[in-house]
S.K.: 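Take this structure first; my questions come after.
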Protein chains: 2
Amino acid sequence: MSRSRVTIKDVAKLAEVSIATVSNVINGTGRVSLDTQRKVEQAIGELDFAPSASARNLKDKKSSLIAVIVPLLEKGRLQDNPFYWHLVRGIEESARDEKLHVILVGIGPDESFSFIREQHLDGLIFVGAFEDTEVVESVLRLNVPCVFMDSLIDNSDFYQVSLDDELGGYIGTKHLLSLGHERIVLLTGLLKKDGVNYCRWQGYRRALEEAGVPYRPELVYEEPTSSLGGYRAASRIGAKGGGVTAVFALSDMVAIGLIKGLHDLGIQVPRDMSIVGFDDDERARYCIPALTTVRQDIVQKGRTAVRLLTAQIERDHSVERQVTLGVELVPRQSTAPLAARVKD
Amino acid sequence: MSRSRVTIKDVAKLAEVSIATVSNVINGTGRVSLDTQRKVEQAIGELDFAPSASARNLKDKKSSLIAVIVPLLEKGRLQDNPFYWHLVRGIEESARDEKLHVILVGIGPDESFSFIREQHLDGLIFVGAFEDTEVVESVLRLNVPCVFMDSLIDNSDFYQVSLDDELGGYIGTKHLLSLGHERIVLLTGLLKKDGVNYCRWQGYRRALEEAGVPYRPELVYEEPTSSLGGYRAASRIGAKGGGVTAVFALSDMVAIGLIKGLHDLGIQVPRDMSIVGFDDDERARYCIPALTTVRQDIVQKGRTAVRLLTAQIERDHSVERQVTLGVELVPRQSTAPLAARVKD
DNA sequence: ATTACTTAGTTAAATGGTTGACCAATGAAG
DNA sequence: CTTCATTGGTCAACCATTTAACTAAGTAAT
């Protein structure tokens, strides 16, 4: 009794009406008397019928599916910053409210977009900077609603949601400067043009300049964004002679590895070294010492992306194309005045 | 020039063949001469054609989509343990290898399965224990390949991937016992029958029993699984008079909150209190002190789930239905012999 | 009584592919 | 010269739905 899927036809037969009527009942379209409506609903219930999305999609040229597109790391591996979970979470939650579903797609540099083109996706959210302009172009050819996140493409036609990264870099640096630090290492991930790190780096420079502190390129460490990267950077940073008294890590994940690394070297935070992170994920709050960091609301970022997407889907042109979310310095225990150091 | 989607017909026309031939070229089916093949491929390239997944799905009654189904917290919110990211990551990576795509679905208690039933999903991965047996039953009616993860349903017909949670509870507890601790708090999430915590709790009891240490129900704290939950538990645990010298937290996330809470109370880990976590996520390694924990390979768990799913999809009955992954104690700095405490 | 409008429903085309059945042409074997 | 197989390709049915166009019947207006 491998009964195949119940179709609208079966329902029609049982309810003794045409399939068009069943369709009308389901969608609340057309004209149906209350009587037939009930008959049909009864039949649907009895047969436990669910309309086929494929058939409907084919007709409507849509799918109620949106894709979150994340660039892959090497070897087809997805980004491993668990921070992404919060992003995806925000997206899924908002999408669910809009009766959309989220499909997660990792995409590599060589990978083709075939999948994305074959599905009739209702929308695309690109996360992060795609170096390949080719990617962007082939996407635009698809004529599908898109939102670019954290990818600072200079084109006001694009829907984009980003963070005020420059300001984030600025306030984090300024905080350290105001505590008297001057030799501040910037521990950043890849400084891709149009990427978030690049902007934060600019904020860092602006703060230095404003404070009259010379910018030293040798204090900018470009490391992979991982806790291990932070951990490893500790020895370079902690080395005598550098005179470094503070570090601004552009990810909490990195900052946490760094603190651990310094700790293992016997360098105390914040007594010997002040640390500022970026993101304010949960780890920052529960870290010892609690991490001073530049907060962004990543869940909100995801929600905003969905909002920009649905605006496009519904052709609501009243919605702004570019949203820049704010940042906020969250002072905690990982930073201290330089003076404290002099005392010891 | 809002050119509508290019279809197989357009390609056929351009290549001067029938649509059947185009389809054959695309799928490598039927018989096509090298010459026509080239002609068709040329046309496909020229028109930038991508076959419609909806149409294909309709015919094939499949979608190349699998769903990861996660039970929602209150108010439609997704689980917020970033640990889920690694799970999803493992699933996505493996699915990609199998040319499947992953759709993330949060499902609430009242929520209907309509979406899941409407899409012709190729497979379903259920994460966590669903209390509702109704859910499970309605899933089975769908006749779709399913894998249950961390949901210890006692039915050997089901494909399940789980962890040796009982052993995890056992080795974590045993580790503390072997260090001389006897009053060991078990800091657990909800103790749902068939849930992972329940099994770990059993392992905890077995270890106590084996060591001849009486089981005290008042040492089992059932708290929400969050860092904040752990943080808050600190004051109860640290209270004088209890004589508690060690805590086994069934999630690193909770353990980290706990350590912070204890730290804020001036209780030092491991000198005053030994802590064991569970999961071994990255936070455990970079926490101060580094967290002794029971390791599970969550990415592997995700990969295994996909393997069990594809086995079902491909009707490969040689694959085992139940996979139980191993656990491993990772001793770090958050645990110390009880003797150390006596000394101070 | 004719016309016109509603109401409730049906019919059939269309969506974009896949696929088994069929066919024509060629060559080989008997 | 038939018979048969092989090659290369076409035809048309089918998948499950939506929807525009149509019909049939009843009612209201002229």
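Side chains are part of it too, since the values below use all heavy atoms of this structure and drop only hydrogens, waters and symmetry mates. Naming: A, B, ... by sequence-line order, numbering from 1 per chain.
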S.K.: Under 4.0 angstrom, heavy atoms only, what part of the nucleic acid is B:Thr21 near: base, sugar-phosphate, or nothing?
M.R.: base
S.K.: Counting the atoms with a prime plus P, OP1 and OP2 as sugar-phosphate, which does A:Ser18 contact under 4.0 Å by heavy atoms, base, sugar-phosphate, or nothing?
M.R.: base
S.K.: Hey, is CD on B:Glu16 packed in by over 12 heavy atoms from elsewhere, all under 6.0 Å?
M.R.: no
S.K.: What does B:Arg56 touch in the nucleic acid at a heavy-atom separation under 4.0 angstrom: a base, only the sugar-phosphate, or nothing?
M.R.: sugar-phosphate
S.K.: Counting only side-chain N and O atoms of A:Ser33, is one of them less than 4.0 Å from OP1 or OP2 of C:dT7?
M.R.: no
S.K.: Over all strands shown, is B:Thr36 touching base, sugar-phosphate only, or nothing at heavy-atom distances under 4.0 angstrom?
M.R.: sugar-phosphate
S.K.: Is it true that atom CG of A:Asp35 has more than 12 heavy atoms of other residues, nucleotides or ligands lying nearer than 6.0 Å?
M.R.: no
S.K.: From the list C:dT10, C:dG16, C:dT19, which nucleotide is the closest neighbour of the side chain of A:Leu58?
M.R.: C:dG16
S.K.: Please work out if A:Ile26 contacts a base, only the sugar-phosphate, or nothing of the nucleic acid, heavy-atom cut-off 4.0 Å.
M.R.: nothing
S.K.: Indicate, with a heavy-atom threshold strictly under 4.0 Å, whether A:Asn57 touches base, sugar-phosphate, or nothing.
M.R.: nothing
S.K.: Counting any heavy atom closer than 4.0 Å, what does A:Ser23 reach on the DNA or RNA strands: base, sugar-phosphate only, or nothing?
M.R.: base
S.K.: In terms of side-chain geometry, is the basic nitrogen of B:Glu92 or A:Arg77 positioned less than 4.0 Å from the acidic oxygen of its partner?
M.R.: no
S.K.: If you find the nucleotide of DNA chain C closest to B:Ser52 and the one closest to A:Val17, which residue's nucleotide is nearer the 5' end?
M.R.: A:Val17
